[in-house]
Amino acid sequence: MADIKRTHNCGALRIGNDGATVTLKGWVDSRRDHGGLIFVDLRDREGIIQVVLNPEIGQIAHQHARDIRSEYVIEVTGKVSVRPDGTVNDNLPTGKIEVYVDELLVLNRSKTVPFPLDGSEDISEAMRLKYRYLDLRRSEMQKKIAGRAKLVSIIRSFLDSNGFLDIETPMLTKSTPEGARDYLVPSRVAPGKFYALPQSPQLFKQLLMISGFDRYYQIAKCFRDEDLRADRQPEFTQVDMEMSFMSSDEIIEIMEELFVLVFKEVKGVDIPRPFPRIKWHDAMLRYGKDAPDTRFGLLISDVCDLANQAEFNVFKGVLKNGGVVRGLAAPGITGYSRKDMDNLTEEAKIHGAKGLAWVKIMEDGAYNSPITKFFPDGVLDKIKERLGAKDGDTMLFLADSEDVVCAGLAHIRLHLAGKQGLIDDSKFDFVWVTDPPAFEYKPEDKRYVAIHHPFTTITKETREHLETDPTKTLTDAYDIVLNGTEVGGGSIRIHERELQDKVFRALGIDEDEAREKFGFLLEALEYGAPPHGGIAIGLDRLAMILTGSESIRDVIAFPKTQKAFDLMVDAPSDVSPIQLRDLYLKPTIKPKKD
RNA sequence: GGGGUUGUAGUUCAGCUGGUUAGAACGCCUGCCUGUCACGCAGGAGGUCGCGAGUUCGAAUCUCGUCAACCCCGCCA
């Protein structure tokens, strides 16, 4: 077989190449056979170019071209020529030229592909995942995967030039309490014992700081065995970073620099600095969640005091039981029918709310609601003022536990913003969410759990509560939120042994357990651990937003389904009894009969 | 673990209130065609209606179960 070198990429040719003899290699995007002339659109990573097979120019090539089909891999050699008048295709960047083929070689044939690769139809995701290598051949996916690669490249060069060292940490490591469920790997040489795949390189990067590497980063795979969502995969990638002798302000600053650079280079967008910051408690109050979408208003307000003045048992009862009443002013829905309001109520119920109270303010300022009768004169006016509502708005209220109210109103807020077209898709709104509480009480487990992770330092001002009321403690932590999606988070870590002990104690981890699970860290803290902190960026989520994708699956070459199956390789799968025996494992669940 | 949407030709879908032989577009196959680029023209093949029960004289259609994909709650940073 003649082994001629490729001279150009298909999509790279332009009118300046006129007259050149080129050799191209790529896939047959389409073939238009006119009996005499045959036109082939030849495609590679860079794009598409039309090649022309004319029996008068290359008779044998023309013969071969009659047998080629879509997705055949071919090599053509021929001359680049300006297209004749009236045959220019403005839809193609290469549309002013074409290649007259002298020689054509079929490098490989292709079966008819199971779905069109031209983006003309929305193919089911199951089909795309089964034939992922074909799905990835589509230009849309090529762009997304290439966009991700560019993002990684920008991040790497930024961090490299800022003194960060790329250091790898183990994949086979130790299961730790707290956090997500671990993926476990059985040990062959230690019967009955298991490694865990890392949920993140958290402890290792802290140890690297203790080793004195000062600045570390890693594009790190992380594993969490929890149920999936559009923005959650069982294995995902973090840009993991850690820095010594840096305050949270300094870390935030360098991260802003990185994000600004990324958006400039990838999107050509200038993001103004400094990014806004909001305290965690304020985010929860005003947006109902710790990852606020700040591209639009519809802010939430607390109206407990005013709601308590109404003779409305739903509100009174909730407030008596320690719950809250909060609301927001929604524009443009006074025309909603009873049924529309019921549908809106259903949205609130998704997050556990029992009902949704509403008061329409008509254009003339009159209140229209089933519950106006419970409010003494003037109270609704005060509520209207508190919510910043205008005539024509509808005030929506939830009354329940704080968790339910926050989650419900956050959902309503997003739902309405989407429906009313309040979200500007071209916007990129960053916000730092800072100072979250360290602990959350889990009534079902009757214990405190760490909101971030148990190595996050407690702010000096709130340390006094650590042993009395841990929920009152705040952490020196910061999440970076982009358009309502958390794309990263970090904190200043604990570098003092005594504080770490206290935090473990607050979490109900006794000394023995702490020594068993984290002994290496506790000991390391006693050998000159420097003050340090860091952050991890969710690379998949960032790539998702930068490429305008609906799901992180679109920016992961080989993702898993919602059940964590790989439809292409068919994993997870059975293993042989011998493999199990080597690992001293015995399945406890019998496979289902087919 | 739970709620919702979907599942019909290779693909994307239509198929009403159960009724004779389940359709369309694209794709595929054969032939014709020297300026197409969503090529065109003529002809053709292609179906276990996700799977399993049930109701019925009769099920793509109704009921129950089950499997899968997606969205969400719980879970998860």
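Below, chains carry the letters A, B, ... as their sequence lines are ordered, and counting in each starts from 1. Predicted, not measured: the structure shown is a model, and the values here were computed from it.
- Contact of the A/Glu75 side chain with the A/Leu104 side chain is not registered, since no non-hydrogen atoms from C-beta on lie closer than 4.5 Å.
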Would you tabulate the pairs of protein nitrogen or oxygen atoms and nucleotide nitrogen or oxygen atoms of nucleotides 6-10 of chain B closer than 3.5 angstrom?
from, atom 1, to, atom 2, distance (Å)
B/G10, O2', A/Pro114, O, 2.7

List the protein contact pattern of nucleotides 69-77 of chain B with one symbol per nucleotide (5' to 3'): B for base contact, S for sugar-phosphate-only contact, - for none; contact means a heavy-atom distance under 4.0 Å.
-> SBBBBBBBB
Anything under 3.5 Å between a donor and an acceptor, one on a side chain of residues 414-421 of chain A, the other on a protein residue two or more places apart or in another chain? List them.
none

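- Comparing the C1' positions of B/C49 and B/G15 gives a spacing of 10 Å, expressed to the nearest Å.
- Here the side chains of A/Asp102 and A/Ile57 are in contact, with some heavy-atom distance below 4.5 Å.
- A gap of 40 Å separates the C1' atoms of B/C62 and B/C76, to the nearest Å.
- Annotation: B/G1 and B/U20 have their P atoms spaced 42 Å apart (nearest Å).
- Base pairing analysis places B/A24 opposite B/U12; the two distances defining the Watson-Crick or G-U wobble pair are each below 3.5 Å.
- The salt bridge (Lys or Arg N to Asp or Glu O under 4.0 Å) search around A/Lys79 returns none, not counting sequence neighbours.
- In this view, A/Tyr216 satisfies the ring pair (Phe, Tyr, Trp, His ring centres under 6.0 Å) rule with no residue, not counting sequence neighbours.
- Ring geometry for A/Trp432 versus A/Phe275: interplanar angle under 30°, hence parallel rather than tilted (30 to 60°).
- In this structure B/G65 sits in a base pair with B/C51, meeting the Watson-Crick or G-U test at under 3.5 Å.
- Applying the ring pair (Phe, Tyr, Trp, His ring centres under 6.0 Å) rule to A/His453 yields the partners A/Phe455; only residues at least two apart in sequence or on another chain are considered.
- The gap from the P atom of B/G19 to that of B/G58 amounts to 14 Å, rounded to the nearest Å.
- Residues in residues 38-74 of chain A take part in these ring pair (Phe, Tyr, Trp, His ring centres under 6.0 Å) pairs, two or more places apart or across chains: A/His34-A/Phe39.
- Separation of the C1' atoms belonging to B/A60 and B/G47 is 11 Å when rounded to the nearest angstrom.
- Under the ring pair (Phe, Tyr, Trp, His ring centres under 6.0 Å) criterion, A/His411 pairs with A/His351, not counting sequence neighbours.
- Look at B/G43: its Watson-Crick or wobble partner, with both distances under 3.5 angstrom, is B/C29.
- Taking a pair to require two hydrogen-bonding distances under 3.5 Å in either a Watson-Crick or a G-U wobble arrangement, B/C70 pairs with B/G4.
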For every nucleotide of nucleotides 31-38 of chain B, 5' to 3': is a protein heavy atom under 4.0 Å from its base (B), only from its sugar-phosphate (S), or from neither (-)?
-> --BBBBB-
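- In this structure, the CZ atom of A/Arg128 is 11 Å from the P atom of B/U12, given to the nearest Å.
- Annotation: salt bridge (Lys or Arg N to Asp or Glu O under 4.0 Å) contacts of A/Lys560 (sequence neighbours excluded): A/Glu235.
- For the salt bridge (Lys or Arg N to Asp or Glu O under 4.0 Å) test, residues two or more places apart in sequence or in another chain that qualify with A/Glu346 are A/Lys349.
- For A/Phe223, there are no ring pair (Phe, Tyr, Trp, His ring centres under 6.0 Å) partners two or more places apart in sequence or in a different chain.
- Nucleotide B/G50 holds its P atom 17 Å from the NZ atom of A/Lys130, rounded to whole Å.
- Pair assignment for B/U34 gives none, since no Watson-Crick or G-U wobble pairing has each distance under 3.5 Å.
- Taking atom C1' on both nucleotides, B/A77 is separated from B/G3 by 24 Å, rounded to a whole Å.
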